[in-house]
Amino acid sequence: VQLQASGGGLVQAGGSLRLSCAASGGAFSSYVMGWFRQAPGKEREFVAAISQNGGIRKYSDSVKGRFTISRENAKNTVYLQLNSLRLEDTAVYYCAATWGDLSISLWNRIHEYVYWGQGTQVTVSS
């Protein structure tokens, strides 16, 4: 599976962005999809994940209530809506795919994800 993330950019604090991740070359609807981010000098961290049919979503505490993950299986695309952006949200955002039978308790584990996109930069300014 190849993943291509897009939609990043420069936005003022309090603003919004929508990231997209288009998948090709695999059975998109069979994967749990996740978003991670990595800020300069920090480790990559979990942001959000969504089940195969979109019925279950999981978020990190730092983004809960501000970010929304969604997917359109007909378009082989997963989205991340970023609202109420803060300076600390500045990072490279990566989409990733993992097996559909992975326990939800492991959805935040970076090493459980098999396929990764190239990342898209989100910069929040004051």
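- Between Lys64 atom NZ and Arg57 atom CZ the span is 14.0 Å, to the nearest 0.5 Å.
- Using a 4.5 Å cut-off between side-chain heavy atoms of Ile, Leu, Val, Met, Phe, Trp and Tyr, with links allowed through other members, Val78 and Ile56 fall into different hydrophobic clusters.
- Residues Leu87 and Val63 are members of one and the same hydrophobic cluster, defined by side-chain heavy-atom contacts under 4.5 angstrom among Ile, Leu, Val, Met, Phe, Trp and Tyr.
- Cluster membership for Leu106 and Tyr113, using ILVMFWY side-chain heavy atoms within less than 4.5 angstrom, is shared.
- A perpendicular orientation is assigned to the rings of Phe36 and Phe46, their planes being inclined by more than 60° (bins at 30° and 60°).
- With a 4.5 Å cut-off on side-chain heavy atoms, Gln52 and Met33 do not count as touching.
- A distance of 12.0 Å separates CG of Leu102 from OG of Ser51, quoted to the nearest 0.5 Å.
- Of the possible donor and acceptor atoms, none in the side chain of Trp99 sits under 3.5 Å from a partner among the backbone N and O of Glu112.
- If you run side-chain contact (heavy atoms from CB on, under 4.5 Å) between Lys58 and each of Asn108, Ile50, Val32, Val47, only Asn108 comes through.
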Side chain to side chain contact (heavy atoms under 4.5 Å, CB included), that's the test. Do Trp35 and Leu82 meet it? Break it down for me. CA-CA 12 Å; Trp35 285 96; Leu82 291 65; over 6 Å; no
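- A donor-acceptor pair under 3.5 Å links the side-chain atoms of Gln38 to the main chain of Lys42, judged by distance alone.
- Summarising the geometry of Leu80 relative to Tyr93, their closest heavy-atom pair is CD2-CD2, 4.1 Å, with the distance given to 0.1 Å.
- Judged by the 6.0 Å and 45° rule, Arg44 forms a cation-pi pair with Trp116.
- Val92 and Tyr115 fall into different hydrophobic clusters, where Ile, Leu, Val, Met, Phe, Trp and Tyr side chains are chained together by heavy-atom contacts under 4.5 Å.
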Residues 119-126, side-chain donor-acceptor partners within the protein, below 3.5 Å, at least two apart:
unit_1 : atom_1 : unit_2 : atom_2 : d
Thr120 : OG1    : Gly8   : N      : 3.0
Gln121 : NE2    : Ala91  : O      : 3.4
Gln121 : NE2    : Thr123 : OG1    : 3.3

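- No side-chain heavy atom of Tyr94 sits under 4.5 Å from any side-chain heavy atom of Leu3.
- Here the side chain of Ser62 pairs no donor or acceptor atom with the backbone of Ser60 at under 3.5 angstrom.
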Which pairs of donor and acceptor atoms, one on a side chain in residues 11-31, lie under 3.5 Å apart (sequence neighbours left out)?
unit_1 : atom_1 : unit_2 : atom_2 : d
Ser16  : OG     : Asn83  : OD1    : 2.9
Ser30  : OG     : Ala27  : O      : 2.6

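- Atom CD of Glu45 and atom CZ of Arg37 lie 4.5 Å apart (nearest 0.5 Å).
- Tyr79 forms part of no hydrophobic cluster, judged by ILVMFWY side-chain heavy-atom separations under 4.5 Å.
- Panel note: side chain Gln118, backbone Ala5; a donor-acceptor pair is recorded below 3.5 Å.
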